[in-house]
2 protein chains.
Amino acid sequence: MSRPTLVSLARELGVSRQTVSNVINAPHLVRPSTRQRVQEAIERSGYRPSAVAQALRRQKSSTIAMRMYPTSDGINGAVMDRFLHRVVEQAESMGHRVVLFTAADDRAEIGALRDLIDRDSIDACLLTSTTAGDPRPAELGAAGIAFGAFGRPWGEENTASHLWADVDGRAGTRAATEHLIDRGYRRVGFIGWPDGPGVGQDRLQGWADVIRERLGVDDPDEWLVRSDDGIVQGSAAATDLLRRGCDALVCTSDSFATGAFDVFRGRPDLDGVLPIIGFDDTPVARAIGLSSITQPVEAAATLLVHRLVARATGDDGATPIPSSRAVGSDGHLLTPLLQLRTLEAAPAPAPLSGRRPGAEAGSDRPLEPAGG
Amino acid sequence: MSRPTLVSLARELGVSRQTVSNVINAPHLVRPSTRQRVQEAIERSGYRPSAVAQALRRQKSSTIAMRMYPTSDGINGAVMDRFLHRVVEQAESMGHRVVLFTAADDRAEIGALRDLIDRDSIDACLLTSTTAGDPRPAELGAAGIAFGAFGRPWGEENTASHLWADVDGRAGTRAATEHLIDRGYRRVGFIGWPDGPGVGQDRLQGWADVIRERLGVDDPDEWLVRSDDGIVQGSAAATDLLRRGCDALVCTSDSFATGAFDVFRGRPDLDGVLPIIGFDDTPVARAIGLSSITQPVEAAATLLVHRLVARATGDDGATPIPSSRAVGSDGHLLTPLLQLRTLEAAPAPAPLSGRRPGAEAGSDRPLEPAGG
DNA sequence: ACGTTCAATTGGAACGATCAAAACGCTAGT
DNA sequence: ACTAGCGTTTTGATCGTTCCAATTGAACGT
């Protein structure tokens with residue numbers, strides 16, 4: 001009544017264990033009649049090869065490891081959640097498992113990974129939240145540990161040789177800003193994180209580019225407020241930017257956008273128009289009907305896991321990649337999507353001269369075109 | 001250059017592999033001098049026993065499996081995130097790994113678990129999001145799969161024999177409601193989910209209990225609004241309840257509370273007082289300074305994992321459980337915590353006759369006592 | 001008829017650990 | 001001196017699979 005094994009099956013069928021093994025791993029080596037007989041026995045008995053024994057013999061366990069960060073902020077958390085979920089799905093679809101581990105810092109992470117490699121024979125691991133000067137890629141590379149990174153090698157996009165995928169935040173804010181300008185807004189402000197390299201800078205740049213190119217603004221600082229992340233901070237920043245004459249906002253985060261959203265809603269003089277676009281398409285944004293820039297994290301997960309596993313197994317099938325731009329030797333920049341909610345429902349933009357271009361749009365339901 | 005093994009180490013030291021093994025697993029069997037010599041070699045070489053080989057030999061892999069749900073809503077997601085994180089931590093601290101898997105439904109989950117047991121020799125698994133009439137406990141029990149559930153066996157709390165832990169939502173809303181009443185509020189409303197057994201009913205009950213006992217309200221429906229979850233819905237419900245004369249609110253979810261928070265904030269006539277208490281202490285709640293009821297999910301994770309692993313390894317050490325109430329044969333109801341934010345800063349409640357008892361409190365900073 | 005070739009199948013060894021039992025050297029009891 | 005007992009160490013078998021080399025048997029050409 002215990003679990004069938006290769007040997008028990010083989011004995012029962014009067015063949016050798018290797019024949020049973022071959023039916024599974026190299027069917028072409030087995031005579032069709034035998035193959036079928038074995039095949040049936042396998043199905044009837046519900047035999048499944050022991051992944052553990054396979055791992056011992058093959059010296060790899062079809063497992064991918066990933067570090068789990070404490071859910072410091074729920075917003076980043078939601079994104080990582082989506083990522084992780086897709087990683088597990090993709091890995092499963094390729095016959096791999098995902099194990100989690102925690103680590104206090106990057107050094108500890110590398111140590112933990114060494115351990116997982118040595119003890120559990122994991123095949124590869126995924127890095128997330130890469131930073132400028134991140135020590136992990138180099139160390140893992142030196143240690144011969146296969147890995148993929150969700151997050152670009154900041155500052156070394158073109159020279160780094162490891163597998164990575166990241167979201168093109170700059171393209172995201174660029175699209176958002178252009179969208180607003182296309183609708184007639186002429187004073188698009190930006191709420192960003194404190195100065196520093198990385199994600200924040202990347203996202204700000206997209207906005208700054210467009211502001212400069214399309215609106216001819218020389219000094220973007222005029223419509224820029226930087227602050228630590230947070231809803232309350234977003235409200236304050238929005239108030240400030242309104243005072244400076246901004247008529248629309250792009251935000252580095254949904255937290256900011258949520259705070260800004262509040263401010264706009266509280267001001268009847270704006271006719272309920274909410275030209276705000278956040279970042280990350282958080283559940284909160286979805287809930288309150290805020291437009292936001294969605295990171296294609298699922299695409300990133302699919303890409304990374306597929307490549308990692310394919311590389312590990314030698315399966316050289318084509319990676320099912322969505323639209324992405326190649327960078328460096330094995331980098332991929334994925335284009336985010338503009339998730340329009342309140343905004344999309346608004347009618348066509350007013351003429352360029354319009355003072356408050358979106359004034360005709362009130363709710364999140366399509367209205368009859370505002371007759372002139 | 002390659003990884004040291006028991007044999008390679010033994011050969012190098014001129015002892016048998018079993019001696020090395022004993023130094024690790026049963027040091028008392030080894031002569032001190034030998035033990036030390038081996039010990040040093042182990043440390044010097046950085047030897048770590050292969051978990052894979054151990055798993056094969058011992059027929060268990062020191063691994064716990066857990067299903068990952070799609071992040072349908074980010075709120076529940078945040079809670080599950082916290083839970084998962086602690087599960088991983090606790091498992092690690094006991095030398096166990098956590099593997100994730102996905103499943104379309106409960107049947108698929110059981111199948112996936114069977115597979116993990118057979119192929120990966122996992123020791124146990126964790127169930128979450130249990131429902132009334134959940135088929136999983138019975139099936140897993142019948143299949144002889146060790147498991148613990150985060151979530152009570154609804155309707156069978158006293159008869160179910162499996163290990164479970166859940167949060168006493170009723171106690172949470174009770175505490176919240178009492179807190180508000182203690183501060184002088186006399187018309188405490190409730191925003192709940194649509195009628196139905198389970199979490200929603202449990203949380204509502206705590207409020208209803210107190211309303212009846214302390215305020216002598218016969219028909220709680222008077223101050224109760226039910227709705228699908230959501231921020232917008234929360235606003236609508238709050239508006240409704242304000243109209244009905246409520247002066248404080250307890251909510252089934254932080255989404256509701258967030259929506260209600262908006263309404264209160266928008267009404268200057270309330271003097272900026274925000275007697276609202278949400279549920280789950282979501283990042284959003286933290287961000288906007290909303291009081292909320294915190295589920296001790298970390299405690300639940302610790303308890304479940306500890307018990308599971310201890311049971312599996314025979315380690316009968318005491319489980320480090322925080323305050324919990326025993327239910328049935330192996331159930332645990334954990335008491336949630338009232339996370340006071342805006343409210344806690346308010347001064348002592350006004351006398352019972354006070355119309356708007358919290359009127360003296362404006363911001364989240366302590367104020368000088370409002371002189372009568 | 002006989003070596004060659006090839007398809008099909010088989011048995012031995014290995015992966016790296018643990019369990020169980022045997023063997024070893026020593027001391028102590030009779 | 002012989003053995004029983006004990007502490008220490010070793011050997012053999014096993015977990016379930018895959019790799020590798022060897023074996024079998026039939027078909028083939030010469």
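Every chain is numbered from 1 and lettered A, B, ... according to where its sequence line falls, protein lines coming before strand lines.
Rounded to an integer number of Å, the gap from CG of Leu29(B) to P of dA23(C) is 19 Å. The interatomic distance linking His28(B) (NE2) with dC6(D) (C1') rounds to 14 Å, in whole Å. Going from atom CG of Leu6(A) over to atom P of dA14(C) covers 19 Å, rounded to whole Å. Atom P of nucleotide dT18(D) and atom CG of Asn22(A) are separated by 9 Å, given to the nearest angstrom. Atom-to-atom, CZ of Arg31(A) to P of dA7(C) comes out at 14 Å; the value is rounded to the nearest Å. Nucleotide dG16(D) holds its P atom 10 Å from the OH atom of Tyr47(A), rounded to whole Å. If you take CZ of Arg58(B) and P of dG16(D), they are 16 Å apart, rounded to a whole angstrom. Straight-line distance from the NZ atom of Lys60(A) to the C1' atom of dT17(D): 14 Å, rounded to whole Å.
Nearest nucleotide to the Val30(A) side chain, out of dT18(C), dT10(D), dT9(C): dT9(C). Counting only heavy atoms from C-beta on, Pro49(B) has its side chain closest to dA17(C) among dA17(C), dC19(C), dT17(D).
With contacts defined as side-chain heavy-atom distances shorter than 4.5 Å, the pair Phe83(B)/Val88(B) does not qualify. Counting heavy atoms from C-beta on, the side chains of Leu303(B) and Leu334(B) come closer than 4.5 Å. Annotation: side chain of Thr63(A) is not in contact with side chain of His96(A) (no heavy-atom distance under 4.5 Å). Side-chain contact check for Ser50(A) versus Thr5(A): every heavy-atom pair is 4.5 Å or farther apart.
For the helix from dA1(C)-dT30(D) to dT30(C)-dA1(D), the terminal axes (five pairs an end, C1' atoms, rotation from four pairs onto the next four) enclose an angle of 70°, given to 10 degrees.
Side-chain atoms of Arg17(A) and base atoms of dT18(D) include a donor and an acceptor less than 3.5 Å apart. On a pure distance criterion of 3.5 Å, no polar donor-acceptor pair joins the side chain of Arg57(A) and the base of dT17(D).
One finds no salt bridge joining Lys60(A) and Asp123(A) here, because no Lys/Arg side-chain nitrogen approaches an Asp/Glu carboxylate oxygen to under 4.0 Å. Between Arg44(A) and Glu12(A) a salt bridge is recorded (basic side-chain N to carboxylate O distance below 4.0 Å).
Using a 4.0 Å cut-off, some side-chain N or O of Thr19(B) falls inside it from OP1 or OP2 of dT10(D). For the OP1/OP2 pair of dG16(D) and a distance below 4.0 Å, the side-chain nitrogens and oxygens of Gln54(A) include no atom meeting the criterion. Between Gln59(A) and dG16(C) there is a side-chain N or O to OP1 or OP2 distance below 4.0 Å. Residue Ser16(B) has no polar side-chain atom (N or O) positioned under 4.0 Å from OP1 or OP2 of dT11(D). Regarding contacts with the backbone of dC15(D), every side-chain N or O of Thr5(A) stays at 4.0 angstrom or more from both OP1 and OP2.
For Leu56(B) and Gly14(B), each mapped to the nucleotide of DNA chain D holding its nearest heavy atom, the one lying further toward the 5' end belongs to Gly14(B). Of the residues near DNA chain D, Pro4(A) and Gln18(B), the one whose nearest nucleotide (by heavy atom distance) lies more toward the 5' end is Gln18(B). Taking for each of Thr34(A) and Val7(B) the nucleotide of DNA chain C with the nearest heavy atom, the 5'-most of the two is the partner of Thr34(A).
Residue contacts for Val15(A): at a heavy-atom cut-off of 4.0 Å it reaches the sugar-phosphate backbone alone, with no base atom in range. Within the 4.0 angstrom heavy-atom criterion, no nucleotide atom of any strand lies near Arg35(B).
Under the 3.5 Å distance criterion, with hydrogens and angles disregarded, no donor-acceptor pair is assigned to the side chains of Ser62(B) and Arg97(B).
If you run salt bridge (charged side-chain N to carboxylate O under 4.0 Å, His left out) between Arg152(B) and each of Asp330(B), Asp166(B), Asp134(B), only Asp166(B) comes through.
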